[in-house]
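See below for the structure under consideration.
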Amino acid sequence: MQDIEALWADFARPIVTADDYLGSLRGRRMNVYFMGERVPEPVDHPVIRPSINAMAETYRLATERPELASAKTEIGGCQTNRFLHVPASADDLVTKHEMQRELGRRTGTCFQRCVGLDAISTCHSVTFDVDAKKPGAGYHERFLAFLKRAQRANIVIGGAMTDPKGDRSKPPHQQADVDMFLHVVRRDDKGLYVSGAKMHQTGAVNSHWLIFMPTMRMTEADRDFAVVGAVRVDAPGLTYVVGRQTNDTRVVDGGALDAGNAQFAGQEALIVFDNVFVPHEHVFLDGEWEYATTLVERFTTYHRSSYVCKTGLGDVLIGAAAAAAENNGVEAASHIKDKLVEMTHLNETIYSSCMAAAYRSTATKSGAYINDEMLSNVAKHNVTRFPFEISRLAQDIAGGLVVTMPSEKDLQNNEIGPLIRKFLQGRDGVDTVDRMRILRLIENMTIGRNAVGYLTESLHGAGSPQAQRIQIARSMKIEDKKARARKLAGVAASPPKT
Ligand code: SF4
Ligand code: FE
C-alpha cells in the first residue's frame with residue numbers, strides 16, 4: 001500500500017483552475033518526442049502548447065460554469081470535474097453533451113478529455129458485472145478506490161484503447177510480433193508488467209494518468225491481451241511520440257495570423273509500453289477475455305455520442321462562414337443564406353442524434369447510465385459525414401482566398417504589406433486583416449491543423465464508419481420490421497429460409 005501512496009503523492013492537492021492544471025504538468029519526467037527530438041518540457045513546446053491550452057479549458061469551464069462542467073460524485077464524496085463523473089442518470093449524460101458542445105465552441109478543436117470519462121464510465125459497469133460472475137475478484141472495488149483518488153485530486157485521465165493491430169486478419173495471439181496488442185509480459189505478487197503500444201492516443205501527453213483497455217473482442221488464447229489497468233503517464237517504460245498535424249508549425253513561423261487558431265489544437269500520440277509495471281491495486285481486469293467485447297461495445301456506445309463535441313466546432317465554422325460572407329458584402333444573397341441553413345441543419349442533426357442517445361440512456365447493473373446504443377451509432381455515423389459537407393460549404397462561401405492568401409510576414413513587409421491590405425480588402429468598413437483572420441480560421445478547421453479533429457478524427461475516432469454500420473446492422477431488428485410490413489400488407493406467411 002505504501003507504494004500506492006507514493007504514486008499518488010504528487011496529487012495531494014486537487015487541481016482546480018486552468019492555471020493549477022498547467023502547473024501540474026510542469027516538471028514531470030516523461031519520455032516525449034516530437035519531430036525527432038526529445039521534448040523536455042511539453043508545456044513550453046510551442047507546437048504542443050495549444051493542445052494543452054485546449055485541455056485547460058475543461059478546468060476553466062468548470063470554474064466558470066460549475067453546474068455544466070462539474071458534478072457532485074458519491075464515489076469520491078466531493079465536487080469533481082464532470083470529466084471524472086460516472087453518469088448516474090440520463091440528465092448526467094445530457095449535461096455531459098451540453099458541456100462537450102460548449103467546449104467545442106470555446107476551442108474550435110478537440111479538447112481531449114472525453115476518452116478518459118468514457119473509459120471510467122465503461123470500467124464502472126464492466127468491473128461490476130465481472131465481479132458479479134466471479135465473486136472475490138475485487139475488480140470493481142479496486143476500480144472505485146482508484147476513481148475516488150482521481151476525483152478528489154481532480155486529475156486528467158487519458159483513455160488508451162487502440163492497439164497497432166498488425167495483420168488485421170489475425171487475432172492478437174497469432175500476430176507475428178506479439179507487441180501488436182498490449183499484453184501482460186509477466187505477473188508477480190505485487191502486480192503485472194505490460195508491453196505493446198497504443199495508437200492515436202488523444203491528449204496522452206496532457207493527461208496525468210492513463211487507463212489502458214483492450215481494443216477488440218478476444219478469445220481464450222488472447223487471455224494475456226485482455227487487460228485493463230491504470231498507470232501514471234510518467235511511469236517508467238512509457239514513451240510518447242506526438243503526431244504530426246497539418247500546418248502544426250505555423251505557430252512558430254512568427255505571428256498568430258497564419259495559424260488560424262493559434263491558441264487551441266488537439267493532440268494524438270503513439271504510446272509505447274515497455275515492461276510497464278502496474279501494481280495490483282491498479283489492475284481492473286486481467287485475463288477476462290470473455291468481457292472484452294462488452295467492454296469495447298460499452299466504451300464505443302459512450303464515445304460515439306461524445307462526438308457531439310463536433311457540433312461545437314460546427315458552430316464556430318458556420319459562424320466563420322457567415323462572417324466571411326459578411327466581410328465580402330454577400331451575406332444577403334439567397335444562396336449564401338441557404339448554405340448557412342444547410343450547414344446548420346447538418347450540425348443540428350448531429351446534435352439531435354447525440355442528445356437523443358443521452359435522453360434514451362439506461363442504467364447498467366452498476367448504476368452507471370449508458371447512452372442508447374443504436375442512437376449513439378447513428379450519431380457517430382452522422383459525424384463521419386456531415387462535418388465534411390459543412391466544411392465544403394464553408395469553403396464554398398469563403399472563396400478561393402482560403403488557400404491562396406499571402407502570409408502574415410508578407411503583410412508586415414513594407415513593400416508589399418500595403419498592396420496586400422489594398423487588394424485583399426472586402427466590403428467598406430471591414431479591416432483587411434480581420435477578413436484574413438476569418439479566412440485563416442476556415443482554413444485551420446477545414447484543411448489545417450484543426451481539420452485533424454474536425455474531419456479525419458470525425459471519420460475514424462471511436463471507430464471508422466464501417467464499425468458503426470456493423471453495430472447498426474446488428475441492432476436494426478430487420479425481422480421485426482419485415483413482419484410488420486407483411487402484416488400490414490396482408491401477407492400471411494414468411495417465405496421459407498434460403
Ligand atoms: Fe472529446 Fe471530441 Fe476530442 Fe473525442 S474528438 S476527445 S469526443 S473533443
Ligand atoms: Fe476521439
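Each ligand, and each atom within it, is numbered from 1 in the order the structure gives.
- Atom-to-atom distance recorded for H200:NE2 and M161:CE is 13.0 Å, nearest 0.5 angstrom.
- For R244 and D248, the salt-bridge test passes: some basic side-chain N is under 4.0 Å from an acidic carboxylate O.
- Atom 3 (Fe) of ligand 1 lies at 2.8 Å or more from every N, O or S atom belonging to C309.
- Contact check on D118 versus R304 returns no salt bridge, with no Lys/Arg side-chain nitrogen under 4.0 Å from an Asp/Glu carboxylate oxygen.
- Here the two rings, on W209 and F146, have centers that are under 6.0 Å apart.
- Close contacts between ligand 1 and S306 involve ligand atoms 7 (S) [criterion: under 4.0 Å to a heavy atom].
- Near C110, meaning under 4.0 Å from one of its heavy atoms, ligand 1 places the atoms 3 (Fe), 5 (S), 6 (S), 8 (S).
- If you look at Q100 next to ligand 1, there are no close heavy atoms at all, none under 4.0 Å.
- When only modelled atom types and interatomic distance are considered, S24 and H208 share a side-chain donor-acceptor pair under 3.5 Å.
- Under a 4.0 Å criterion applied to the non-hydrogen atoms of H303, ligand 1 contributes the atoms 4 (Fe), 7 (S).
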